[in-house]
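Data first, discussion second: the structure below is written as structure tokens.
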2 protein chains.
Amino acid sequence: METETEIFKKYLNKKNLKFTHERQSILKEIFLTHNHFDIESLYERLKTKGKNISRATIYRTIPLLIESNLINKAIRYKDRIYYEHIYGHKSHSHFICINCGKIIEFENDEKDKIIKRIKRKYNFKIVESKLIIRGYCKNCLKKEKK
Amino acid sequence: METETEIFKKYLNKKNLKFTHERQSILKEIFLTHNHFDIESLYERLKTKGKNISRATIYRTIPLLIESNLINKAIRYKDRIYYEHIYGHKSHSHFICINCGKIIEFENDEKDKIIKRIKRKYNFKIVESKLIIRGYCKNCLKKEKK
DNA sequence: ATTGCAATTGATATTCATTCTCATTATAGC
DNA sequence: GCTATAATGAGAATGAATATCAATTGCAAT
């Protein structure tokens, strides 16, 4: 299995783009954990480590990582977009708790069946599909009852 | 079957809110057509008819209509949220063409099954769920080939 | 190594949907 | 009609995302 770096480099090369220090740091930081992340917290994490990479550069790098099929938009919550790794991860869907922001992933093979059927029926070219559930998680329901 | 107005009035009453002229005009305009709509175009439509209702008022009314179960967020496209009627409409999902913005609805009973299963498994309280497909519609694919 | 040049970056300004503020006005029950 | 409370409009504020542009960097060719 190729490393994320190899994949990203390959993609950049193909597009005549450069593997800069900034892009390297961003990539590394993203794949350091397995968590969902948003731009602002990624910016802060990099800052903590002495990497003063501007928000603009992060905003510019994210679409490249998406194009490389390394990450993807996972879910939107409180006006922020949360991203996730997709490289090496099985397709899944998301539940998000409106109260605490907790994201739970669940497997969901039926979704792919639906997508295939729709594709055949309407002759679409599908770029992405998402099943998202919003509500309250077990913990937040418990707290509410008190 | 109750009219939209009756439902909205009932809801407002319950919450000690008032059925103002503005709210009445907004409700009427929304249910005049069956199309998906966004705030800006709704604002323009009202203006055309001599109803100079401020954007703020529209933005304030939309959540009330959602709470009344009359409309719902359907899909997000180019940083705008598109709403749709739900009162009297069968549950369905959406495909949106990234190129031309065309929205196509499709029936989708499997989704409800998935949702029920997830609900049982994780003890969530589900507030909303959405299956969204993004891609290119038949027409836009044809044009591309030329 | 050096050069040339397109790509990249950071700082900052800008955009644009949405929300907030607050003084003025309207609604609904009495 | 009176009164309490909610609603409105205008414009300011917010905040994520994008655009601008001068200075810098990466890298292929020399």
Side-chain angles (χ1 to χ4, degrees), chain A residues 5 8-29 36-47 49-68 71-83 101, chain B residues 5-6 8-29 36-47 49-68 71-83 98 101:
Chain A
T5 306
F8 196 33
K9 273 186 177 170
K10 226 179 243 177
Y11 169 80
L12 293 173
N13 240 303
K14 203 173 60 194
K15 297 266 180 178
N16 280 312
L17 303 177
K18 291 164 187 174
F19 189 61
T20 62
H21 293 141
E22 288 81 2
R23 288 180 180 158
Q24 186 169 20
S25 299
I26 292 168
L27 177 68
K28 194 178 164 190
E29 188 56 42
H36 298 84
F37 64 95
D38 67 297
I39 303 287
E40 189 56 26
S41 64
L42 180 56
Y43 172 75
E44 292 298 338
R45 273 163 58 188
L46 285 161
K47 204 180 206 171
K49 299 187 177 169
K51 310 270 185 199
N52 280 309
I53 296 169
S54 81
R55 267 172 262 255
T57 297
I58 300 178
Y59 274 110
R60 284 185 285 228
T61 302
I62 294 291
L64 302 177
L65 293 168
I66 293 177
E67 270 284 304
S68 309
I71 66 169
N72 215 350
K73 293 181 189 180
I75 202 161
R76 182 182 281 271
Y77 177 63
K78 294 198 175 176
D79 277 325
R80 285 191 185 182
I81 296 171
Y82 288 82
Y83 300 87
Chain B
T5 305
E6 282 163 0
F8 195 33
K9 274 186 176 168
K10 224 179 244 177
Y11 169 80
L12 292 172
N13 240 302
K14 202 173 59 192
K15 298 266 178 178
N16 281 313
L17 303 177
K18 291 164 186 174
F19 189 62
T20 63
H21 292 142
E22 288 82 1
R23 288 178 180 159
Q24 186 168 21
S25 299
I26 292 168
L27 178 69
K28 194 177 163 192
E29 187 57 41
H36 298 84
F37 64 94
D38 67 296
I39 303 288
E40 188 57 24
S41 64
L42 179 57
Y43 172 76
E44 292 299 339
R45 273 163 59 189
L46 285 161
K47 203 180 208 172
K49 297 186 179 170
K51 309 270 185 198
N52 281 307
I53 297 170
S54 80
R55 269 173 262 254
T57 297
I58 300 178
Y59 274 108
R60 284 184 285 230
T61 302
I62 294 292
L64 303 176
L65 293 169
I66 293 177
E67 269 286 303
S68 309
I71 66 169
N72 216 350
K73 292 181 190 181
I75 203 161
R76 180 183 283 272
Y77 178 62
K78 294 199 174 176
D79 277 324
R80 285 191 186 182
I81 296 170
Y82 288 81
Y83 300 88
I98 304 170

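Chain A is the first sequence line, chain B the second, and so forth, proteins listed ahead of strands; every chain is numbered from 1.
Atoms CG (B:Asn16) and P (D:dT3) sit 21 Å apart, rounded to a whole Å. Rounded to a whole Å, the NZ atom of A:Lys51 is 17 Å from the C1' atom of C:dG10. Counting to the nearest Å, the C1' atom of D:dT18 and the CD atom of A:Glu40 are 16 Å from each other. D:dA10 atom C1' lies 10 Å from atom OH of B:Tyr43, rounded to whole Å. For the pair B:Leu42 CG and C:dA17 P, the interatomic distance rounds to 14 Å; values are reported in whole Å. Atoms CG (A:Asn52) and P (C:dT8) sit 21 Å apart, rounded to a whole Å. Taking atom CD1 of A:Ile26 as the reference point, atom P of C:dT9 lies 7 Å away to the nearest angstrom. One interatomic measurement links the two molecules: CZ of B:Arg80 to P of D:dA17, which rounds to 18 Å at whole-angstrom precision.
With hydrogens and angles left out, the side chain of B:Arg55 and the base of D:dG11 share no donor-acceptor pair within 3.5 Å. Put simply, the side chain of A:Lys18 and the base of D:dT25 share no donor and acceptor less than 3.5 Å apart. For A:Arg23 and D:dG26, a side-chain-to-base donor-acceptor distance below 3.5 Å is absent, hydrogens and geometry of angles not being considered.
Salt bridge present: A:Lys49 and A:Glu29 bring a charged side-chain N and a carboxylate O closer than 4.0 Å. Using a 4.0 Å cut-off between charged side-chain N and carboxylate O, B:Glu40 and B:Arg55 make a salt bridge.
Between B:Phe19 and B:Phe8, the ring-plane angle classifies as perpendicular under the 30° and 60° cut-offs.
Comparing C:dA28, D:dG26, D:dT8 by their closest approach to the side chain of B:Phe19 singles out C:dA28. Closest to the side chain of B:Tyr59, out of D:dT18, C:dT18, D:dT8, is C:dT18. The side chain of B:Ala56 has C:dC20 as its nearest neighbour among C:dT18, C:dT9, C:dC20. Closest to the A:Ser54 side chain, of the nucleotides C:dG10, D:dA17, D:dG11, is C:dG10.
Residue A:His21 places no side-chain N or O under 4.0 Å from the OP1 or OP2 atom of C:dT9. For the pair B:Thr57 and D:dG9, the criterion of a side-chain N or O lying under 4.0 Å from OP1 or OP2 is met. OP1 and OP2 of C:dA7 both lie 4.0 Å or more from every side-chain N or O belonging to A:Thr20.
Residue B:Phe37 comes nearest to B:Ile62 through the heavy atom pair CE1-CD1, 4.1 Å, listed as atom of the first residue, atom of the second, then distance.
For B:Leu17 and B:Lys78, each mapped to the nucleotide of DNA chain C holding its nearest heavy atom, the one lying further toward the 5' end belongs to B:Lys78.
Counting heavy atoms from C-beta on, the side chains of B:Leu65 and B:Leu27 come closer than 4.5 Å.
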